[in-house]
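So the structure is just underneath, and the comments pick up after that.
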Amino acid sequence: MSEKLMLGNEAVARGAWEAGVHVVSSYPGTPSTEITENCAQYPEIYTEWATNEKVALEVCAGASVAGARAMCCMKHVGVNVAADPLYTAAYTGVNGGLVVVCADDPGMHSSQNEQDSRYHALASHVMMVEPSSSQECKDFTKLAFALSERFDTPVMVRTTTRIAHARSRVELGEREEAAVKPYQKDAKKYVMMPAMAKPRHVAVEKRMVEAAQYAETCPINQVFPGDKKLGVICAGISYQYVREAIPQASILKLGLVNPLPRQMIADFAKTVERLVVVEELEPFMENQIAAWGIQVEGKALTGLQGELSANRVRQIFGQPVPERFPVQDIPGRPPVMCAGCPHRGPFSVLSRLGYHVTGDIGCYTLGALPPLNALDTTLCMGASVGMAHGFSLAQGEAFGRKAVGVIGDSTFLHSGIPSLLSAVYNRSHMTLMILDNTITAMTGHQPNPNTGLDIHGQQAPQVDLEQLCRGVGVNRVRRVDAFDLKGIETAVREETQAPEVSVIIAHRPCALLNKGKAVTPLKIDPVKCRGCLACMKLSCPAMEVGPDRKVHIDPNQCVGCALCQQTCRFGAIEGAVEEK
């Protein structure tokens, strides 16, 4: 048996392959993206990027009902999008095993909230396992498929950023071919209309009782005896922190976090003087244990926000903390859009003209930061469209014509289309700007239906955004060059005055997709430069101000987009793009 150093995400993909999975459908979202990318490396697994998480889970549910093992992967906020099919799939159950992997993001490294997906498992009545290492990522994924078929239910695998993106040793196994099961038509099981759903709800409750009984002897729930003065209940990455910080404590490590093993926890509590739950985010385990009448501590010690760490656990339990380089001595490094990012031009125009801009989820969310200061709102995937319409409703017609929604091409295809259709139907005056960089850039350049490539890099049908917008009833659709500041300004001024919904498609490929093209960096003539710093308002990382208050361009970063050249009134920026 061979071993390999693997990311947690790589190990989940390996576990799916070893479990004989046939279908994987997902939408990219950090910190879960690499799971599906690695699944695509296995020829035995059909792998795809779906337009959103709801669609992806529906694809997997269909494959499961038809008898194939299927897996759907997403980040925590993606579970919200997929909740509709998830909650009802718990009623229908499965045929082939169905596993939903969700990656939570404590600390919000790349997310807009810190939601705890364990509550989705609790509310939807599905089982959830939580690995604490890359080895367990592989093993628990395989177990999840076995549990799915044993208990006739979708099973969730929960990871967090530190598990998903940390590497540790994994023992590799062989693929166990799982034959596609015969499909038998069964409307009472799979057609969830009220008459069928009512008895299926009874089946769900019965299943959870059986799952709770299984949890008491589940092999991934383990007790590690230690000092009887302190007992700690933990799961996932918190187990690693506890094991490192207070190895002397008695530990109950839970691998199956829904349902919890009530009797096992009660028995463990009797063996220790003090019982503490160490868990990130919400008091998911603590509240249930306290509700059973067991004396327990938790969030009063660990807090409700952010990540834990081994040092944080040491502090909580009064252990010495190793000295480290002072965090305050590390210079800040705020995120910025890349040099040559096609989002910079549209935002600079919108900011300068003073429009109210509802934003969305993507690289372009960085347009909210100074000096651009372009965005008023960012809520969730696709919200920019509906919120721009809402702005116009709240503030009146004159205001509404200055409400501009900004959304990326991938996000628009994910969940912006229904909102645009609704805006047209309800006679909105809002303007939508689609920032078309032909890729899902924020999560690592995954293709989408606007790219013309599939997950394997093969040619695929490419959607026509202009025709799509016209198809939902938008009469005013125009394309502009995202590097043409005057063209963008003209389009924005005209379209925001239109008495109907209008769409501006600002197109340029992501700057990081043009690495194969040679460019000549622009230069600053120090004699002509007046030090007005107008070009610095673009927030381009290739530009900096020297001690002489003159702007300098880093030739190693400049990609020759010429946005700065268009902002200079004194002709101080020289050079032209040369593509070879």
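- Screening residues 63-83 for salt bridge (Lys or Arg N to Asp or Glu O under 4.0 Å) gives Arg69-Glu149 as the qualifying pairs, with residues at least two apart or on separate chains.
- Thr141 contributes a side-chain N or O that, together with a main-chain N or O of Cys137, makes up a donor-acceptor pair within less than 3.5 Å.
- Proximity of Thr302 to Leu308: side-chain heavy atoms (C-beta onward) are separated by under 4.5 Å at one or more points.
- The structure places OG of Ser419 at 7.5 Å from CD1 of Ile407, a figure rounded to the nearest 0.5 Å.
- Summarising the geometry of Ile439 relative to Leu513, their closest heavy-atom pair is CB-CD1, 4.0 Å, with the distance given to 0.1 Å.
- Here Glu177 pairs with Arg175 under the salt bridge (Lys or Arg N to Asp or Glu O under 4.0 Å) rule; sequence neighbours left out.
- Screening residues 206-217 for salt bridge (Lys or Arg N to Asp or Glu O under 4.0 Å) gives Lys206-Glu210 as the qualifying pairs, with residues at least two apart or on separate chains.
- A search for ring-ring contact (aromatic ring centres under 6.0 Å, His included) contacts involving Trp49 returns nothing, not counting sequence neighbours.
- Tyr364 and Thr411 share a donor-acceptor pair across their side chains, judged by distance under 3.5 Å alone.
- In this structure, CG in Leu254 is found 9.5 Å from SG in Cys218, a value given to the nearest 0.5 Å.
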Exercise. Could you go step by step and tell me if Cys469 and Phe412 meet the side chain to side chain contact (heavy atoms under 4.5 Å, CB included) rule?
Worked result: CA-CA 10 Å; Cys469 292; Phe412 175 66; 3.9 Å; yes
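- Counting only residues at least two apart or on different chains, no salt bridge (Lys or Arg N to Asp or Glu O under 4.0 Å) pair has a member in residues 444-462.
- No side-chain heavy atom of Val157 sits less than 4.5 Å from a side-chain heavy atom of Met71.
- Contacts of Glu53 classified as salt bridge (Lys or Arg N to Asp or Glu O under 4.0 Å), with partners at least two apart in sequence or in another chain: none.
- Applying the side chain to side chain donor-acceptor pair (under 3.5 Å) rule to Gln263 yields the partners Asp267; only residues at least two apart in sequence or on another chain are considered.
- A side-chain donor-acceptor contact under 3.5 Å links Gln446 and Thr443.
- Under a 4.0 Å N-O distance rule, the pair Arg14/Glu171 does not qualify as a salt bridge.
- Scanning for salt bridge (Lys or Arg N to Asp or Glu O under 4.0 Å) contacts around Lys142 gives Glu18, Glu176, with sequence neighbours left out.
- Looking at Thr438, its side chain never comes within 3.5 Å of a backbone N or O of Thr451 through a donor-acceptor pair.
- The closest donor-acceptor contact from the side chain of Asn38 to the backbone of Ala13 lies at 3.5 Å or more, if one exists at all.
- Between Glu279 and Asp116, the closest side-chain pair of non-hydrogen atoms is not below 4.5 Å.
- Residue pairs meeting the ring pair (Phe, Tyr, Trp, His ring centres under 6.0 Å) criterion with at least one member in residues 5-40, sequence neighbours excluded: Trp17-Tyr42, Tyr27-His414.
- With sequence neighbours excluded, no residue satisfies side chain to side chain donor-acceptor pair (under 3.5 Å) with Arg262.
- Contact of the Gln288 side chain with the Met285 side chain is not registered, since no non-hydrogen atoms from C-beta on lie closer than 4.5 Å.
- Ser148 meets the side chain to side chain donor-acceptor pair (under 3.5 Å) test with no other residue; sequence neighbours excluded.
- Atom CZ of Arg470 has more than 12 neighbouring heavy atoms from other residues, nucleotides or ligands inside a 6.0 Å radius.
- For the residue pair His109 and Glu307, a side-chain donor N or O sits within less than 3.5 Å of a side-chain acceptor on the partner.
- Classification of Arg200 and Asp152 as a salt-bridged pair holds, one side-chain N sitting under 4.0 Å from a carboxylate O.
- For residues 90-111, the pairs satisfying salt bridge (Lys or Arg N to Asp or Glu O under 4.0 Å) are Asp104-Arg158, with sequence neighbours left out.
- Annotation for Gln184: atom CD does not count as buried by contact number, only 12 or fewer foreign heavy atoms lying within 6.0 Å.
- Atoms CG and NE2, on Asp436 and His507 in that order, are 5.5 Å from each other to the nearest 0.5 Å.
- The line from OG of Ser26 to CD1 of Ile455 is 7.5 Å long, rounded to the nearest 0.5 Å.
- Under a cutoff of 6.0 Å and an axis angle of 45°, Arg243 and Phe224 form a cation-pi pair.
- Of the candidates Val232, Ile289, Leu252, Asn287, Val277 forms a side chain to side chain contact (heavy atoms under 4.5 Å, CB included) with just one, namely Ile289.
- The closest side-chain donor-acceptor pair between Asn80 and His120 falls under 3.5 angstrom.
- Partner of Glu10 under the side-chain hydrogen bond (donor to acceptor under 3.5 Å, both in side chains) criterion, out of Arg167, Gln41, Lys4: Arg167 alone.
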